[in-house]
Amino acid sequence: MRHILLTFAVLFGSPLAAQTALECGWQARADAIVEPWEDNSATFANGAVRVALLDVAEPAAAAYYLMILHPPINEAGRTCTVIGQSENLGYAAIFFNDLDAGYDPAVGLTFTVPAIIYLPEQDFQNSTLLSIAVNQSTGQVTVTQDLGNE
C-alpha cells in the first residue's frame, strides 16, 4: 500500500505534469545546440518555424530542452520559446530523430517527440511523449505529455 501511495504522490503531487513553454532565456545558446546541427534542428511551415535540440550540460540528468523559433515576427525577429520541465530542469533525453509534425487549423502546428523525464528529488524516471502546439498567429505554445507505462 505504501508503494501505491508513493507512486500516487510522485505522479500527482509533484511537478511531473508541469511541462513548460518558456520565453527563451539562458538555455537558448548557440553552443547548446546539439551537434551536428543539421541532424538536431529542422524547419517547418516553409521555414517560418525552426525546432532545435539543446543540451545545456547541467543538471546532467535533465539537460535537454527544445528551442522553437516561430511566428509572430516582431522587430527582433521570430518569437523564441524553450520547452523543458521547468526553467532549470530539462529532460533526461529527447529523441529528436523521432520528431513528428502535423498541422490542424484549430490548434496550429503540432509536434510530437518522445522524451525521458527525470525528477531528481523523487529519483523518478519515465518515458513520455511530448505534444507541442504552436499557434503561429498568436505565438502561444502549449505543451502536454503522455507518460509511458513503466
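Along the sequence shown, residues carry numbers from 1. Since the model is a prediction, treat every value here as computed from it, not as a measurement.
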Next on the checklist: Would you say that Tyr65 contacts Asp55 through its side chain, given a criterion of any heavy-atom pair below 4.5 Å between the two side chains?
Outcome noted: no

Next on the checklist: Counting the benzene-type ring for Trp, do Phe44 and Phe111 have ring centres under 6.0 Å apart?
Outcome noted: yes

Checklist entry - Is Ser41 close to Leu53 at the side-chain level, that is, under 4.5 Å between some pair of heavy atoms? => result no

Next on the checklist: Is there a path of hydrophobic side-chain contacts, each under 4.5 Å between heavy atoms of I/L/V/M/F/W/Y residues, joining Leu54 to Tyr118?
Outcome noted: no

Checklist entry - Considering only heavy atoms from C-beta outward, does the side chain of Val113 approach that of Ile94 to under 4.5 Å? => result yes

Checklist entry - What distance separates Thr81 OG1 from Gln140 CD, expressed to the nearest 0.5 Å? => result 10.5 Å

Checklist entry - Between Val141 and Ile83, is any pair of side-chain heavy atoms under 4.5 Å apart? => result yes

Checklist entry - Hey, are the side chains of Asn126 and Ile116 touching, using non-hydrogen atoms and a 4.5 Å cut-off? => result no

Checklist entry - How far does CG of Leu66 sit from CZ of Phe96, to the nearest 0.5 angstrom? => result 7.0 Å

Next on the checklist: Less than 4.5 Å apart, side chain to side chain, heavy atoms only: is that true for Thr79 and Leu69?
Outcome noted: no

Next on the checklist: As an exercise, state the distance from SG of Cys80 to CD of Gln27, rounded to the nearest 0.5 Å.
Outcome noted: 9.5 Å

Checklist entry - Between Asn40 and Glu35, is any pair of side-chain heavy atoms under 4.5 Å apart? => result no

Next on the checklist: Measuring from atom CZ of Phe95 to atom OG of Ser127, what distance do you get when rounded to the nearest 0.5 angstrom?
Outcome noted: 8.5 Å

Item to check | Hydrophobic cluster identity match, Val143 and Val107, side-chain contacts under 4.5 Å | outcome: no

Next on the checklist: Give me the atom names and distance for the closest heavy-atom approach of Glu58 to Trp26.
Outcome noted: O-CH2, 4.4 Å

Checklist entry - Applying the 4.5 Å side-chain criterion to the ILVMFWY set and letting contacts propagate, would Ile132 and Val82 be lumped into a single cluster? => result no

Checklist entry - Looking only at heavy atoms, which two atoms of Ala63 and Ala57 are closest? And how far apart? => result CB-N, 3.6 Å

Item to check | Interatomic distance, Gln145 atom CD to Leu129 atom CG [nearest 0.5 angstrom] | outcome: 9.5 Å

Checklist entry - Mind checking whether Leu22 and Val134 sit in one hydrophobic cluster, side chains of I, L, V, M, F, W, Y counted as touching below 4.5 Å? => result no

Next on the checklist: Quick check: do Met67 and Val51 have side-chain heavy atoms less than 4.5 Å from each other?
Outcome noted: no

Checklist entry - Linking I/L/V/M/F/W/Y whenever their side-chain heavy atoms sit closer than 4.5 Å, directly or via other members, would Ile117 and Tyr64 fall into one cluster? => result yes

Next on the checklist: What's the separation between atom OG1 in Thr128 and atom CD in Gln85, rounded to the nearest 0.5 Å?
Outcome noted: 8.5 Å

Checklist entry - So, for Gly47 and Arg78, which heavy atoms are closest and what is the spacing to 0.1 Å? => result O-NH1, 3.3 Å

